[in-house]
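To start, the structure under review is shown below, and the notes come after it.
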Amino acid sequence: MRKNIVAGNWKMNNDLAQTQELIADLKKQMSGEPAATIMVAPTYTNLYPAFEALKDTPVIVAAQNMHQEDNGAFTGEISAAMLKSVGVETVILGHSERRAQFNETNELLAKKVDVALENDMTVIFCFGEELEDRKADKHFDLVERQLKESLYHLPKESWKSIILAYEPVWAIGTGETASPEQAQEMHAFIRKSVADKFGSDVADGVSILYGGSCKPGNAKEIFANEDVDGGLIGGASLKAEDFLAIVNSF
Ligand code: PGA
């Protein structure tokens, strides 16, 4: 059966000392078996120290992005092999900030997904509509197009390495959250779309996370929905207490 997962996207926050402090807080405050699989995604420069500090815990360290080529003249970029060489085997791809500010298209993301999977990595694939799409009642079409153009070429077996993260852009960092009903409605739609294309075994096995202003005060009611299998957490993942409260909302 699919896993419940809570992943912290630390974005471009925290230098080395702050990262170490946040990890120390997490380790101090974690007790017993966590209620969900926990992942954290620090910046590139803090991936290796984070991996070293967390390797004796169940917390999985993920990268926030990755380049689609193996190596070469791509100044400023990082490859899958480089991530793996520092212990990182999970990568967030397609975050709306990368789509909007770094021109990442569905087509480019399809390539990045392929390369991550060729390198035996797990992908947290982010997607979601803008407010205008929702107002124009195009959100289901748009979300399905994002899935189709970046993931529906994959062979069925690859889906064991895919985690979906539905993040309505209008809810990211805005304090505005999708209602539990809106989240469930979209997650059920996503699962049905995956089932129609790949079969119900794939659809029932894939974890679908919700992201967008998820916090200790609303996580429980969002996670209580049948098709919501956890969250991708931005702002509230930067404080160990809040992040762990979200993890413990299952
Ligand atoms: P937020 O970010 O929780 O700060 O809204 C979520 C995300 O961008 O993944």
Side-chain angles (χ1 to χ4, degrees), residues 4-14 18-19 22 26 36-44 46-47 50 59-66 88 90-104 109 112-113 116 122-131 133-134 139 142-143 146-147 150-151 162-180 182-183 186-187 190 206-223 225 228-250:
N4 290 327
I5 300 167
V6 176
N9 176 9
W10 293 351
K11 307 193 181 185
M12 198 174 76
N13 294 298
N14 290 344
Q18 291 163 327
T19 300
L22 178 50
L26 281 173
T37 298
I38 306 176
M39 301 183 175
V40 295
T43 56
Y44 283 138
N46 295 318
L47 283 173
V59 180
I60 294 168
V61 176
Q64 298 174 17
N65 178 36
M66 184 200 89
V88 175
T90 302
V91 61
I92 297 172
L93 293 176
H95 191 278
S96 64
E97 287 150 18
R98 301 234 31 112
R99 291 174 186 265
Q101 299 171 39
F102 302 94
N103 304 319
E104 295 201 357
L109 291 167
K112 290 194 177 199
V113 168
T122 296
V123 172
I124 303 175
F125 183 79
C126 304
F127 56 100
E129 82 282 0
E130 308 262 353
L131 189 57
D133 304 315
R134 186 166 275 268
H139 45 305
L142 185 117
V143 157
Q146 289 173 320
L147 292 172
S150 299
L151 298 180
I162 301 286
I163 298 163
L164 298 177
Y166 167 63
E167 300 203 301
V169 180
W170 48 270
I172 295 180
T174 58
E176 186 158 345
T177 326
S179 67
Q182 284 173 320
M186 182 56 91
H187 283 225
I190 293 162
V206 69
S207 299
I208 310 178
L209 316 186
Y210 167 80
S213 299
C214 195
K215 42 188 183 274
N218 60 24
K220 213 178 187 80
E221 51 175 6
I222 296 173
F223 295 173
N225 291 288
V228 180
D229 308 308
L232 181 56
I233 320 299
S237 69
L238 295 170
K239 251 183 84 187
E241 197 184 339
D242 289 352
F243 185 58
L244 292 174
I246 296 172
V247 172
N248 291 323
S249 297
F250 278 102

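Remember, it's 1-based here, ligands and their atoms both numbered in the order they're listed. These numbers come from a predicted model, not from an experiment.
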Cys126 backbone acceptor or donor facing Arg99 side chain under 3.5 Å =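 Between the backbone of Cys126 and the side chain of Arg99 there is a qualifying donor-acceptor contact (under 3.5 Å).
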
Output the list of atoms in ligand 1 that are nearer than 4.0 Å to some heavy atom of [X], sorted by atom number.
X	value
His95	7 (C), 8 (O), 9 (O)
Gly235	1 (P), 3 (O), 4 (O)
Ala171	5 (O)
Gly212	5 (O)
Asn9	9 (O)

Could you pull out all residues at least two apart from Glu167 that satisfy salt bridge (charged side-chain N to carboxylate O under 4.0 Å, His left out)?
->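 So Glu167 forms no salt bridge (charged side-chain N to carboxylate O under 4.0 Å, His left out) with any residue.
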
Would you call the rings of Phe223 and Phe250 parallel, tilted or perpendicular if under 30° counts as parallel and over 60° as perpendicular?
->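 Correct class here is parallel.
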
Atom 3 (O) of ligand 1: the protein heavy-atom neighbour that sits closest, reported with distance to 0.1 Å =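 Ranking protein heavy atoms by distance from atom 3 (O) of ligand 1, first comes Gly234 N, 2.9 Å.
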
Just wondering, are more than 12 heavy atoms of other shown residues or ligands nearer than 6.0 Å to CD in Glu241?
->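 Counting neighbours around CD of Glu241, 12 or fewer heavy atoms of other residues, nucleotides or ligands fall under 6.0 Å, so no.
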
Non-hydrogen atom of [X] closer than 4.0 Å to ligand 1:
X	answer
Ser213	yes
Lys215	no
Gly173	yes

Using a 4.5 Å cut-off on heavy atoms from C-beta on, say whether the side chain of Leu26 contacts that of Val59.
->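 SC-SC contact between Val59 and Leu26 ruled out.
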
Which residue from Glu167, Glu97, Lys11, Gln64 reaches closest to atom 2 (O) of ligand 1 through any of its heavy atoms?
->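 The option holding the nearest heavy atom is Lys11.
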
Enter the distance from Asn225:CG to Ile208:CD1 here, rounded to the nearest 0.5 Å.
->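 Asn225 CG to Ile208 CD1: 12.0 Å, rounded to 0.5 Å.
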
From Ile92, Leu209, Val113, residue fulfilling side-chain contact (heavy atoms from CB on, under 4.5 Å) relative to Phe125 |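 So, applying the side-chain contact (heavy atoms from CB on, under 4.5 Å) to Phe125 and each of Ile92, Leu209, Val113, only Val113 qualifies.
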
